[in-house]
Structures are given as structure tokens and as C-alpha cells.
Participant: 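Let me give you the structure first, and then I'll get to my questions.
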2 protein chains.
Amino acid sequence: MQSDQLIKKAGLSLTESRKLILDIFISSPAALSHHDIENLMPEGFDRVTVYRTLQTFVQKGIIHQVPTTDNTTLYALCKEECQSGHHHDNHVHFICTSCQTTNCLEEVTVPLVRLPKGFELKKAAMVIEGICDTCNN
Amino acid sequence: MQSDQLIKKAGLSLTESRKLILDIFISSPAALSHHDIENLMPEGFDRVTVYRTLQTFVQKGIIHQVPTTDNTTLYALCKEECQSGHHHDNHVHFICTSCQTTNCLEEVTVPLVRLPKGFELKKAAMVIEGICDTCNN
DNA sequence: GTAACTGCAAAATATTTGCATCCTT
DNA sequence: AAGGATGCAAATATTTTGCAGTTAC
């Protein structure tokens with residue numbers, strides 16, 4: 001889907017900044033940090049707008065935060081199912097230790113686990129570290 | 001194991017700060033952030049030492065970083081197997097959305113997943129959000 | 001026209017670095 | 001005694017907030 005439609009569908013007003021940032025996500029195969037975005041935006045673009053836009057996108061279910069082992073926050077596009085209210089985050093995030101990118105493996109679903117008595121599961125995410133298919137050639 | 005022994009076993013010199021910080025981890029059931037530690041340390045304790053100590057502990061395999069969905073970094077004690085060189089991080093991290101604590105479910109191991117062709121797995125972690133047994137009463 | 005979004009300035013917070021001093025071994 | 005660890009000061013980086021001007025609808 002195009003950025004324009006995605007933004008409108010989320011009930012947000014269509015602005016230049018939002019289009020720019022969303023286009024970056026659409027054209028990036030890997031998860032991105034705030035820092036990455038900032039670097040990909042036009043020279044001199046305001047940092048604060050990036051913060052606010054990412055926050056808005058997360059709230060509206062356009063992007064989601066990817067769990068990481070270190071202290072960085074990564075964001076990635078949500079797939080179709082996400083936008084419609086509830087957030088299906090049940091896929092696997094893959095961190096390549098060779099090229100340092102983080103990707104969502106949409107095709108791999110998080111397996112169910114049996115939790116100890118008394119624990120109630122709401123959402124599960126998985127982070128796998130390893131070598132990605134591109135680096136493995 | 002006592003903090004003294006753990007520190008020595010890791011080949012680190014035994015200092016007051018390290019003992020204090022490690023004791024906090026030993027007596028805490030949940031994962032802790034840098035901020036948490038700072039609050040639990042004696043009034044006026046130097047922030048920088050906390051940074052450096054946490055870093056050292058991670059390097060030496062005494063504690064490990066817990067993956068989180070937001071941008072916080074949490075640390076938790078490594079169990080026995082961790083200290084002996086290679087790091088077994090293959091357990092499930094449970095975030096309770098009610099009491100906001102993060103615990104390691106040592107007894108639950110991360111299930112194996114089948115990755116797409118070309119991907120090579122090194123390490124897998126899992127983050128589950130839900131309600132913990134304490135809150136579920 | 002109005003509400004929402006942006007940019008700038010600045011505050012607040014978090015993290016890193018350098019260096020002199022102190023402590024562990 | 002020697003090397004590493006700490007504390008302090010300060011530099012750097014990150015994130016948040018307020019407000020005035022601008023833009024989308």
C-alpha cells in the first residue's frame with residue numbers, strides 16, 4: 001500500500017513529514033532506529049518531528065517497536081493485519097550479527113509456549129540472532 | 001552463590017560497589033534497569049560507576065540484558081550455566097503488564113523454530129507480555 | 001476557520017570520556 | 001608497588017516540553 005493511503009486509513013492528516021518517514025519504512029527491508037531515520041531524512045530536518053511521528057505511527061499501528069537485546073529501539077512496518085485495530089506482533093524478529101540489520105520474518109510465527117500455572121499470555125515476541133540469508137552466501 | 005564468589009569467579013577484583021550492585025540483583029526477583037539500580041544504591045552513589053559496573057558484569061557473563069519492546073534496557077542475573085563461558089540465554093522473559101515487572105522464566109525454554117532457507121540461528125530469546133502469577137490472584 | 005502538525009528553543013535526562021585519586025591484590 | 005576501579009567534572013547524546021507559526025481539511 002502507498003504511504004498516503006496508509007496514513008489516511010489510520011485517521012491521520014496527510015503531511016509531508018509523515019509521508020517522508022513512512023516512505024522510508026516502506027522502502028527499507030530492515031527495522032530502523034530513530035537515528036537511522038534521522039540520517040535518511042533531508043538535511044536539517046527537525047529531530048523532534050521524527051520523535052513525534054514515530055510515536056504517532058506506533059499508536060496508530062502503522063509501525064511497531066521491535067524488541068532488541070541492546071538498548072536501542074527499532075521500528076518496523078506493521079503488516080496489513082496490524083492496522084485493523086488489534087496488533088498482531090506474533091512474528092519473529094531476526095537480527096543478523098553479520099550485517100547488523102534487523103528484519104521481521106513474517107512467514108515464521110512465534111510458537112506457543114506452555115507457561116507455568118498462574119501466568120497468562122497476552123502477546124509473545126521472539127528475537128533471534130544469527131546470520132541472515134543474504135550474508136550466508 | 002554469594003556475590004563475593006561470583007565476582008571472583010568472573011576474574012574481577014572484589015570491590016564494594018560491585019558487591020552492592022550484585023547483591024541487589026541477587027535479592028531482586030525481577031529484571032532491573034539502570035535506573036532501578038541507581039535508586040537502590042546508597043544516597044549519592046555515583047551514576048557512572050553503575051554504568052561501568054553493569055557493563056563489566058554483562059561482559060563477564062554475570063548478568064545479561066533482557067530484550068524489551070520499549071526502549072528501556074533491563075538486566076537480570078545469569079544462571080549458573082551462563083558463567084561458564086558460553087551464554088545460555090535461551091529462556092523466556094515475562095513482562096507483567098499489571099505490576100510492570102520483568103522476570104525470567106527459567107523453567108520455560110525457548111522452543112525451536114524453523115527458519116527460512118539461508119538463515120542460521122545463533123541465539124534465540126523470547127519476550128512474553130501478560131499477567132504474572134502474583135497478579136493473577 | 002479550526003484543529004492538528006511542525007519547527008525552534010530550551011529544558012530535562014541519559015550516557016560517555018578523561019583524569020586524578022584510591023583500593024585490591 | 002602496580003593495575004585496575006572509583007569519583008568527579010564535563011562533554012556528548014537523547015528525549016521531552018512549551019509555544020508560536022503554519023498547514024491540512
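Here is the naming used below: chain letters follow the sequence lines, and residue numbers restart at 1 for every chain. Side chains included, hydrogens not; waters and symmetry mates left out as well; all remaining heavy atoms used. Not measured: the values here are computed from a predicted model.
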Participant: Treat each ILVMFWY residue as a node, draw an edge where side-chain heavy atoms are under 4.5 Å apart, and state whether A:M126 and A:F119 are in one component.
Facilitator: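 Looking at the clustering, A:F119 is in the same group as A:M126.
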Participant: From CZ of B:F57 over to C1' of D:dA5, roughly how many Å is that when rounded to an integer?
Facilitator: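 The answer, rounded to whole Å, is 12 Å.
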Participant: Which of parallel (below 30°), tilted (30 to 60°) and perpendicular (above 60°) describes B:Y51 and B:H34?
Facilitator: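 Rings of B:Y51 and B:H34: parallel, as their planes differ by under 30°.
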Participant: Which whole-number value in Å describes the distance from B:D46 CG to D:dA10 P?
Facilitator: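 These atoms are roughly 14 Å apart.
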Participant: So which nucleotide from D:dA5, C:dT15, D:dT16 ends up closest to the side chain of A:Y51?
Facilitator: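 Nucleotide nearest to A:Y51's side chain: D:dT16.
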Participant: In a check of side-chain contact (heavy atoms from CB on, under 4.5 Å) between B:I21 and each of B:T53, B:L32, B:I63, which one passes?
Facilitator: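 Only one of B:T53, B:L32, B:I63 forms a side-chain contact (heavy atoms from CB on, under 4.5 Å) with B:I21, namely B:T53.
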Participant: In this structure, how many angstroms lie between the P atom of C:dC5 and the CZ atom of A:F45, rounded?
Facilitator: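 Between P of C:dC5 and CZ of A:F45: 14 Å.
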Participant: Determine yes or no for a side-chain-to-main-chain donor-acceptor pair under 3.5 angstrom, with A:N136 supplying the side chain and A:D133 the backbone.
Facilitator: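 Side chain of A:N136 to backbone of A:D133: no pair is present.
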Participant: Would you give a per-nucleotide map of nucleotides 19-25 of chain C, 5' to 3', where B means the base has a protein non-hydrogen atom under 4.0 Å away, S means only the sugar-phosphate does, and - means neither?
Facilitator: -----SS
Participant: Between C:dC5 atom P and A:K60 atom NZ, what is the distance in whole Å?
Facilitator: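 Atom-to-atom, A:K60 to C:dC5, this comes out as 9 Å.
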Participant: Rounding to an integer number of Å, can you tell me how far A:K19 NZ sits from C:dT6 P?
Facilitator: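 Spelled out: NZ on A:K19 to P on C:dT6 is 12 Å.
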Participant: For B:I7 and D:dA5, give me the distance from atom CD1 to atom C1', rounded to whole Å.
Facilitator: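 My rounded result for the distance is 12 Å.
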Participant: Could you tell me whether a side-chain N or O of A:S27 sits under 3.5 Å from a main-chain N or O of A:I24, the two making a donor and an acceptor?
Facilitator: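 The answer is yes, because a donor-acceptor pair under 3.5 Å joins these two groups.
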Participant: A:R18 side chain to A:S13 main-chain N or O, any donor-acceptor pair under 3.5 Å?
Facilitator: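 Yes; at least one donor-acceptor contact below 3.5 Å.
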Participant: Decide side-chain contact (heavy atoms from CB on, under 4.5 Å) for B:C132 and B:C99; before the verdict, give the C-alpha distance in whole Å, the side-chain angles of both, and the deciding distance to 0.1 Å.
Facilitator: CA-CA 8 Å; B:C132 73; B:C99 62; 4.0 Å; yes
Participant: Listed in order of residue number, which residues of residues 34-44 of chain A have a non-hydrogen atom at under 4.0 Å from DNA chain C?
Facilitator: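 Result for residues 34-44 of chain A: none.
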Participant: Give the rounded distance in Å between these two atoms: CZ of B:R47 and C1' of D:dT6.
Facilitator: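 Atom CZ in B:R47 sits about 16 Å away from atom C1' in D:dT6.
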Participant: Between C:dT15, C:dG7, D:dT6, spot the one nearest the side chain of B:T53, thanks.
Facilitator: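 So the side chain of B:T53 is nearest to D:dT6.
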Participant: Students often get this wrong, so: under 4.0 angstrom with heavy atoms, is A:R18 touching a base, only sugar-phosphate, or nothing?
Facilitator: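 Answer is sugar-phosphate: A:R18 comes under 4.0 Å of backbone atoms only.
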Participant: For A:L54 and D:dT14, give me the distance from atom CG to atom P, rounded to whole Å.
Facilitator: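 Whole-Å distance recorded here is 14 Å.
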Participant: Donor-acceptor check, side chain of B:T97 to backbone of B:G130, threshold 3.5 angstrom: yes or no?
Facilitator: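 Side chain of B:T97 to backbone of B:G130: a pair is present.
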Participant: What's the closest nucleotide to the side chain of B:T49 if the choices are D:dA5, C:dT16, D:dT6?
Facilitator: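 Nearest to the side-chain atoms of B:T49, counting from C-beta on, is D:dT6.
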Participant: Kindly give the heavy-atom pair with the smallest separation between A:A31 and A:D36, and that separation in Å.
Facilitator: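 Heavy-atom minimum between the residues: O-OD2, 4.3 Å.
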